[in-house]
There are 2 protein chains.
Amino acid sequence: MFMDDKQPDNSYPDIQVCACANLRRATRLVTQAYDAALRPVGLRATQFTMLAVLGKRGQMRQSDFADVLGMDGTTLTRNLQPLLKKDWIRIDRDEDQRVRLISLTEPGRALLDTAVPLWREVQGQFQTGLGKTQMTALLSTLSATANVAQPG
Amino acid sequence: MFMDDKQPDNSYPDIQVCACANLRRATRLVTQAYDAALRPVGLRATQFTMLAVLGKRGQMRQSDFADVLGMDGTTLTRNLQPLLKKDWIRIDRDEDQRVRLISLTEPGRALLDTAVPLWREVQGQFQTGLGKTQMTALLSTLSATANVAQPG
DNA sequence: TCCATAAACATGTATATACATCTAAGTATC
DNA sequence: GATACTTAGATGTATATACATGTTTATGGA
């Protein structure tokens, strides 16, 4: 049977059902919306999330911070740098000299305050667009999926 | 009221409900699982997805490829480079000289063939871990969410 | 005390992501 | 047919992501 690359091939699994591909696709599109909403205050979605977690929980060990974010420790090390450069966070030492303690600075907290209404706006758009039922289903299935990926 | 950064603050929205933060967190963890599963054949999750789409649909215009992936055009330009360097894809010109036509090479198709069973394995782990109902709910809510982010 | 091990974080490297902007090529209007 | 406009991609820059590995500090025996 001859087959050239210009023709589709039905022998491959439909990528339509790939959990990872669908997650990554949705995340790209949703992140663009949140990034756009937060652009007026100079924050990216990931940065807003990090500041919001710090605002909510107060000073945290860097390793605990990484766990909460579900972020590799080395990724967090890199992601902290832009926030540090802009003086939105502070890194202190613990008595245990290996440990870094991360906290918001005053400018960081002030920026978070200005960003929260922008977050509410874009979050509300998704809440409205999806409806309460689907939003709840989204958060619930994402949590279940994360738990499958990282049991315990 | 005095408040220092070491203490949590309940005045901030619970990041637990942020669609973007939850998507990004789940995507990080799930991508690590798919990346690990595909590592034996030297593919990342995103690369596998791109090859699988090309395998399924055959030669595509670069802009259509970006649309299907929900990926910014400039991101796709960059993401094609590692695949080109490894000779897994080919880029041809259209009659319209602005257009690039992307297709799998023979090595690319062969690699995809070896990768599919690895994908099936990890995909099956999520299918089993979530159950059919939640997997269906995941794909369905991700699709709805993507549509809210990018109407039309 | 000294050494092995472990824990916490940093660094080298590669990929993934997208906005702002640029270039090349096609289309339309006159 | 020359000029404006539009479309398709590429490039400059910055952030996001994580594996393999390195460094520093703490801990637990021998």
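Order of the sequence lines fixes the chain letters, A, B, ..., with proteins taken first and strands second; residue numbering starts at 1 for each chain. Here the structure is a predicted model, which means the values were calculated and not measured.
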For DNA chain C, whose closest nucleotide is more 5', that of A/Val99 or that of A/Arg28?
-> A/Val99
Report which part of the nucleic acid [X] touches: base, sugar-phosphate, or nothing (heavy-atom distance under 4.0 Å, all strands).
| X | result |
| --- | --- |
| B/Thr46 | sugar-phosphate |
| A/Gln47 | sugar-phosphate |
| A/Arg78 | base |

Once you round it to whole Å, what is the distance between [atom2] of [N] and [atom1] of [X]?
| X | N | atom1 | atom2 | result |
| --- | --- | --- | --- | --- |
| A/Leu80 | C/dC9 | CG | P | 10 Å |
| A/Leu76 | D/dT17 | CG | P | 10 Å |
| A/Leu43 | C/dA18 | CG | P | 18 Å |
| A/Phe65 | C/dC9 | CZ | C1' | 15 Å |
| A/Lys85 | D/dT15 | NZ | C1' | 10 Å |
| B/Arg39 | D/dC19 | CZ | P | 6 Å |
| B/Arg25 | D/dA18 | CZ | P | 11 Å |
| B/Gln97 | C/dT27 | CD | C1' | 16 Å |

Could you work out which one of [options] sits closest to the side chain of [X]?
| X | options | result |
| --- | --- | --- |
| B/Pro82 | D/dA18, D/dT15, C/dA16 | C/dA16 |
| B/Arg100 | D/dG9, C/dA16, C/dA8 | D/dG9 |
| A/Gln62 | D/dA10, C/dC9, C/dT13 | C/dC9 |
| A/Thr74 | D/dG9, C/dT17, C/dT11 | C/dT11 |
| B/Arg98 | D/dG9, D/dT25, C/dA25 | C/dA25 |

Does [N] have OP1 or OP2 under 4.0 Å away from a side-chain N or O of [X]?
| X | N | answer |
| --- | --- | --- |
| A/Arg61 | C/dA8 | yes |
| A/Arg44 | C/dT17 | no |
| A/Ser63 | C/dC9 | yes |
| A/Asn79 | D/dT15 | no |
| A/Thr75 | D/dA16 | no |

Are B/Leu139 and B/Val68 joined in one hydrophobic group, where the rule is that I, L, V, M, F, W and Y side chains link up if heavy atoms are under 4.5 Å apart?
-> yes
Which of B/Asp67, B/Thr77, B/Asp94 passes side chain to side chain donor-acceptor pair (under 3.5 Å) with B/Gln62? It is B/Thr77
Closest-nucleotide ordering on DNA chain D, the 5'-leading residue of B/Asp35 and A/Lys86 = A/Lys86
Comparing nearest nucleotides in DNA chain D, the 5'-proximal residue of the pair A/Gly70, A/Glu95 is A/Gly70
Just one of A/Arg93, A/Met60, A/Arg61 clears the side chain to side chain contact (heavy atoms under 4.5 Å, CB included) bar with A/Arg100, so which one?
-> A/Arg93
List the atom of A/Arg25, the atom of B/Gly70, and the distance in Å for their closest heavy-atom pair.
-> NE-N, 3.7 Å
Hey, mind stepping through B/Arg24 and A/Thr46 against side-chain hydrogen bond (donor to acceptor under 3.5 Å, both in side chains) and telling me if it holds?
-> CA-CA 8 Å; B/Arg24 294 188 67 84; A/Thr46 300; 3.0 Å; yes
Kindly determine whether A/Glu121 and A/Gln125 satisfy side-chain hydrogen bond (donor to acceptor under 3.5 Å, both in side chains), including the steps that lead there.
-> CA-CA 6 Å; A/Glu121 172 69 17; A/Gln125 284 168 15; 3.1 Å; yes
